[in-house]
Each structure stands twice: as structure tokens, then as C-alpha cells.
Amino acid sequence: MITIGQLARYAGVTIKAVRHYHKVGLLPEPERDHSGYRRYTAQDAVGLVKIRTLAEAGVPLARVKELLAAGEEEFASSITEIDEALRRREEEIRQARERVVRLRAGNALFVSTEAAAMLDLLRELGVSERGVRMEREVWVLMQAVAPDEAAVWLADKTDSLADPEFRRIYLAYDEAFGFPADDPRLPALARRAADWLARRPVLPMADPEVSALAMAAAGASSPAWDRMAALSALV
């Protein structure tokens with residue numbers, strides 16, 4: 001007869017684990033002897049080793065008792081089922097880890113891979129973090145609400161960024177965000193942007209309400225940008 005401490009040591013578990021197995025009904029709890037101690041047998045130690053082995057293999061505790069009492073065929077079938085469940089869980093964990101990596105990267109969690117690549121390119125070109133954030137927030141909403149149209153617009157945006165003139169205009173607009181509305185540089189920049197856009201193919205129109213919502217969510221408005229939008233409409 002052995003004590004609970006000896007039992008735990010022989011089986012390679014903690015005393016707390018032994019008591020938990022008692023509580024969930026996996027290991028019978030012996031009566032106390034005349035000295036007030038619970039005494040365990042060698043069979044208890046064998047049973048505890050089996051419980052620990054199954055638990056370490058990933059078998060849910062709720063199924064350990066079932067497996068301990070199962071015949072060979074039933075045991076094999078149950079293990080196959082548990083293995084499949086573990087494989088599914090492993091895939092869920094793998095996908096979760098990918099999302100964590102994307103979260104750490106910043107851009108790619110809420111937008112498509114293509115949009116994330118475009119945002120990375122903007123940062124490489126020297127666009128401000130404010131500008132990159134605005135773009136990201138716009139694409140988050142547009143890709144969720146109008147994914148087909150957003151794919152066309154994104155392809156056009158990526159193609160535009162290959163044009164050195166568009167890059168210069170984009171950087172100038174990014175810099176002008178904080179300009180006062182009466183800055184003398186704004187009219188020329190608005191005209192330059194309008195001239196460039198006039199040479200581009202016409203794209204599908206976005207829902208005005210969705211576009212306004214996306215721009216508002218991104219904070220893509222300033223006195224200077226509002227004035228340039230008004231000036232571009234007059235060109």
C-alpha cells in the first residue's frame with residue numbers, strides 16, 4: 001500500500017493531478033485507513049499511468065474512462081476518431097498562427113494579399129504611415145462590401161503605381177494632406193492629378209454611399225484635400 005505522494009511520483013504526475021482524476025471519476029478514491037490516510041495499490045499506479053499516457057497523447061479526459069474500458073477493436077476505432085479530431089485541431093491552430101503572423105505584419109490581416117502588397121509598396125515609396133493607414137482602412141471596407149469591384153480598382157491602383165508620374169503625384173498628395181486650404185501649391189497639384197486621371201481608362205463607379213463611408217472611416221479628408229477635390233471637379 002502506498003501514499004498519494006508515492007503514487008503520484010511513481011506515475012510521473014502531481015498530487016493535484018491525482019486529486020483531479022478522483023474528482024472527474026477516472027481514478028477510484030480509496031477509503032482512509034485508521035490513521036486517516038488514503039492508501040493506494042499497485043493497480044492504482046498502473047491505472048494512473050494509463051490515464052497519464054492517454055492524456056499526454058491528447059485524448060480528452062472526458063473520453064479516457066471510455067477508452068480504459070474498451071476492447072481492442074473499440075479502442076482502435078476510438079483512437080482513430082480522436083486522431084482525426086486532433087488533426088482538425090492542428091489545422092485550426094496552423095491557420096490561427098498564420099493569422100497571428102499576419103497580424104504582426106500589420107497590413108495583411110484584414111485585406112487581401114494583393115492589397116497588403118500594395119500597401120507595402122506605398123510604404124517603400126515613402127508614403128507616410130498616416131497615408132498607408134488611410135489606404136488600408138479604405139480597402140478593408142471596400143473589399144468586404146464590393147469585392148468584385150474592389151479587385152478591379154486594386155489592379156488599377158497597382159498598375160498606376162508602376163507609373164513614375166503617378167508615384168510623384170501620390171507622394172505630393174500625401175504631403176499636401178496637412179497644407180492649409182489656401183496653399184498656393186494646391187491648384188497646380190489638383191490640375192496635374194486631373195490631367196493624369198484623364199488619360200486612364202474609366203473604371204466601374206463605386207457606390208457613392210459606400211465610398212463616402214470608407215473615406216470617412218479612414219479619415220481621408222482634410223481642408224487641403226477637400227479643396228483639391230473641388231478644384232479637380234472644375235478642370
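Count residues from 1 along the sequence.
The 12-atom threshold is not exceeded at CD of Glu72, counting heavy atoms of other residues, nucleotides or ligands nearer than 6.0 Å. With a 6.0 Å radius and a threshold of 12 heavy atoms from other residues, nucleotides or ligands, Glu90 has its CD atom at or below the threshold.
Using a cutoff of 4.0 Å between basic side-chain nitrogens and carboxylate oxygens, Arg123 and Glu129 are scored as salt-bridged. For the pair Asp44 and Arg38, the salt-bridge criterion is not met [side-chain N within less than 4.0 Å of a carboxylate O]. Taking 4.0 Å as the cut-off between side-chain N and carboxylate O, Arg192 and Asp195 do not count as a salt-bridged pair. Salt bridge annotation for Glu135-Lys157: present, with a cationic side-chain nitrogen under 4.0 angstrom from a carboxylate oxygen. We find that Arg88 and Glu91 are not joined by a salt bridge, their nearest charged nitrogen and carboxylate oxygen being 4.0 Å or further apart. Salt-bridge check for Glu81 with Arg63: passed, with a basic side-chain N closer than 4.0 Å to an acidic carboxylate O.
Looking at Leu161 and Leu122, their side chains come closer than 4.5 Å, going by heavy atoms from C-beta outward. Here the side chains of Tyr10 and Leu48 are not in contact, with every heavy-atom distance at 4.5 Å or above. Using a 4.5 Å heavy-atom cutoff, the side chains of Ile4 and Glu29 are not in contact. Here the side chains of Leu154 and Met118 are in contact, with some heavy-atom distance below 4.5 Å. Side chains of Tyr170 and Leu125 form no contact here, defined as non-hydrogen atoms less than 4.5 Å apart. Using a 4.5 Å cut-off on side-chain heavy atoms (C-beta onward), Leu54 and Leu68 make contact. Contact of the Trp225 side chain with the Phe179 side chain is not registered, since no non-hydrogen atoms from C-beta on lie closer than 4.5 Å. With contacts defined as side-chain heavy-atom distances shorter than 4.5 Å, the pair Arg19/Thr14 does not qualify.
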**Message:** One pair to check against side chain to side chain contact (heavy atoms under 4.5 Å, CB included): Thr3 and Arg39. What are the steps and the verdict?
**Reply:** CA-CA 5 Å; Thr3 65; Arg39 299 292 179 175; 3.0 Å; yes

**Asked** Are Arg199 and Asp163 close enough, and set up right, to give a salt bridge (charged side-chain N to carboxylate O under 4.0 Å, His left out), and what steps lead you there?
**Response** CA-CA 12 Å; Arg199 299 192 298 270; Asp163 183 339; 5.5 Å; no

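The ring-ring contact (aromatic ring centres under 6.0 Å, His included) contacts involving residues 38-70 comprise His22-Tyr40, where partners must be two or more places apart or lie in separate chains.
Remark: Arg32 is not positioned above the aromatic ring of Tyr37, lacking an NZ or CZ atom under 6.0 angstrom from the ring centre and at most 45 degrees off the axis.
When all heavy atoms are compared, the tightest approach of Thr41 to Ile2 is O-CD1, 4.3 Å. Taking every heavy atom of both residues into account, Val18 and Ala8 meet most closely at CG2-CB, 4.0 Å. Between Asp226 and Ser221, the shortest heavy-atom contact is OD1-OG, 3.1 Å. Closest approach of Leu67 to Phe75, counting heavy atoms only: O-CD1, 3.6 Å. Taking every heavy atom of both residues into account, Leu189 and Ala176 meet most closely at CD2-CB, 4.1 Å. Between Tyr173 and Ser232, the shortest heavy-atom distance links the atoms OH-OG, 4.0 Å.
Partners of Pro187 according to the side chain to side chain contact (heavy atoms under 4.5 Å, CB included) rule, which considers only residues two or more places apart in sequence or in another chain, are Arg227, Leu231.
Donor-acceptor pairing under 3.5 Å is recorded for the side chains of Ser112 and Gln143.
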